[in-house]
Amino acid sequence: MLSARWIRNNLDEAKEILERRGLQLDLDKFLSLDDERRDFIQKCDELKHKQNLYSKKIGKSRGEAKDPQNLIKEMQGVSAEMARYESKRKDLEKESRNFLLNFPNKLHSGVPRGNKNVEERRWGKLPQFEFPVKDHQQLGESLGILDFKSAARMTGRGFVVYKGLGARLERALINFMLDLHITQGYEEILPPFMTNAAATLGTGQLPKFREEIYKCERDDYYLVPTAEVPLVNLHREEILAEEALPLSYVGYSPCFRREAGAYGKKIQGIIRQHQFNKVELVKFATPQTSYEELEKLTLEAEEVLKRLGLSYRVMKLCGEEIGFSAAFGCDIEVWLPSQERFVEISTCSNCEDFQARRASIKFRDKENKSTHYVHTLNGSGLAIGRTVVAILENFQQENGRVLIPEVLRPYMQGEKWIEKS
RNA sequence: GGAGAGGUGGCUGAGUGGUCUAAAGCGGUUGAUUCGAAAUCAACUGAGUGCUUCAACAGUACUCCGUGGGUUCAAAUCCCACCCUCUCCGCCA
């Protein structure tokens with residue numbers, strides 16, 4: 001969330017943000033709303049001030065055994081007037097807040113101009129195959145490790161059952177990634193997989209993306225669309241000590257997304273599911289170090305692909321592609337031989353103070369003892385399902401077997417191959 | 001799910017309708033004292049919003065005693081609903 005004052009004082013930049021992100025919001029309407037809101041705040045404060053003064057007088061004269069009836073009469077009128085102003089003021093503040101909650105984050109100066117992402121770096125050699133490659137869906141089904149039919153029967157479209165070595169591969173990846181990030185200095189968190197409305201609003205999923213998340217209606221809880229939600233909310237409504245920063249957390253969670261309206265060949269199989277597993281990285285940092293920390297976080301996520309031996313590239317996201325809550329972000333994209341293209345497997349973002357303002361997460365700086373919003377950063381490290389896709393496709397053999405990357409074998413009781421049992 | 005107790009500043013904790021501004025203590029910061037430290041003494045000590053042309057670690061007003069409503073001229077205090085914590089009971093992996 002941006003502050004109303006910032007938008008008021010930086011109108012041109014606010015317009016530019018909307019334009020570059022391809023969004024439309026009525027800024028003029030907001031400005032007049034904001035003027036009105038401030039008028040009403042002033043009016044209410046004046047009346048309240050009068051009320052406070054007279055209340056004291058009334059109390060005092062009662063203590064002196066005088067009858068303050070005339071004062072009370074007058075204040076009844078003031079009170080009635082204030083009730084009218086107060087209710088209008090509340091409406092205006094609600095409307096203003098609602099606008100601000102739906103306004104996206106600023107764009108950092110490093111965000112590429114135009115509507116194309118920009119390649120930042122690339123790692124690894126693209127694999128060459130001397131036989132026709134299969135996609136992960138064909139491989140998974142023929143190896144008997146991915147079962148879409150059973151999942152559709154027990155739940156519905158957009159879900160999958162992992163079986164045998166497929167399930168073990170998924171679980172091995174979760175543990176491998178968690179262990180790697182722990183050695184990079186992250187503290188492991190196993191959070192709740194449901195969050196309340198306040199937490200879900202804090203990270204920016206509500207109110208704008210209501211259609212994208214699953215809600216447990218009876219209890220007003222939301223299934224997490226990413227572990228970013230609980231991890232960032234670890235410190236909601238807290239003031240942290242500057243010395244404690246940066247704080248780094250890694251957490252595994254399943255992620256639940258409605259993916260309303262998403263279909264097509266590019267998302268077939270387990271590329272896009274309503275439920276998938278993910279290991280998430282979150283950092284809380286000072287504004288001075290947040291971009292340095294983002295660079296580290298991105299490299300720490302990339303390290304997973306390096307150790308698995310999967311080719312990837314890192315793309316700086318342009319204004320249209322960057323997330324609602326993020327001021328700057330990079331995608332890590334892994335090579336998929338069946339599609340002959342790179343596919344997103346992680347997004348690493350700096351939300352700056354956008355989430356911190358919503359969730360009220362601050363730090364107290366040591367010198368002048370004032371408080372400031374922290375910067376929050378997050379990145380997948382990595383999406384597990386898509387990592388399975390990449391492993392199946394990149395390490396497939398002509399006979400349909402799949403070579404398990406060496407770093408995962410200790411997590412799979414030394415298995416070297418995924419093959420039909 | 002049922003019964004009971006509770007939720008007050010960074011922490012402990014007093015405050016059952018107004019006159020005094022949420023007492024007091026702890027912690028923290030600064031200063032005095034000291035060669036230095038401890039002890040002692042003194043001062044200071046939260047967040048948000050509006051206004052002061054803009055900004056502010058400046059001034060001022062308002063708000064904040066779990067959350068949201070209500071009663072009243074006036075609410076931490078009275079009423080209602082909800083949330084959370086603790087104790088006991090029930091159910092349960």
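In what follows, chains carry the letters A, B, and so on, assigned in the order in which the sequence lines appear, proteins first and then strands, with residues in each chain numbered from 1. Since the structure is predicted, the reported quantities are computational estimates derived from the model, not experimental observations.
Within the 4.0 angstrom heavy-atom criterion, only backbone atoms of the sugar-phosphate kind lie near A:Ile41; the bases stay farther away. A:Glu46 comes within contact range of no nucleotide atom at all, as no heavy-atom separation falls under 4.0 Å. A:Arg8 comes within 4.0 angstrom of sugar-phosphate atoms only, judged by non-hydrogen atoms across all strands, and of no base. Note on A:Asn52: only backbone sugar-phosphate atoms sit closer than 4.0 angstrom, heavy atoms only; bases stay farther off. Residue A:Lys362 is classed as a sugar-phosphate contact, given heavy-atom separations below 4.0 Å to backbone atoms only. Among the protein residues, A:Arg5 comes within range of the sugar-phosphate backbone only, with heavy atoms under 4.0 Å from sugar or phosphate atoms but none that close to a base.
In RNA chain B, the stems built from three or more successive Watson-Crick or G-U pairs (distances below 3.5 Å) are B:1-7 with B:83-89, B:10-12 with B:24-26, B:27-32 with B:40-45, B:46-52 with B:58-64, B:66-70 with B:78-82.
Proximity note for A:Thr371 (side chain, C-beta onward) versus B:rA47, B:rC73, B:rG50: the nearest is B:rA47. If you check B:rC84, B:rU63, B:rC73 against the side chain of A:Ser79, the one that comes closest is B:rC73. Among the nucleotides B:rU63, B:rG18, B:rA74, the one closest to the side chain of A:Gln51 is B:rA74. You'll find that the side chain of A:Arg37 is closest to B:rU49, out of B:rG48, B:rU49, B:rA61. Distances were taken from every side-chain heavy atom of A:Arg364 (C-beta onward) to each of B:rG50, B:rA47, B:rC54; the shortest belongs to B:rA47. Candidate nucleotides B:rC84, B:rU19, B:rA61 were compared by shortest atom distance to the side chain of A:Tyr221, and B:rC84 ranks first.
Regarding A:Leu71, its CG atom lies at a distance of 15 Å from the P atom of B:rU19, rounded to whole Å. Across the protein-nucleic acid pair, A:Arg89 atom CZ and B:rC51 atom P stand 12 Å apart, rounded to whole Å.
Side-chain contact of A:Gln397 with A:Glu419: a donor-acceptor pair under 3.5 Å is absent, judged by distance alone. A:Asn105 and A:Ser325 form no side-chain donor-acceptor contact under 3.5 Å, judged by distance and modelled atom types alone.
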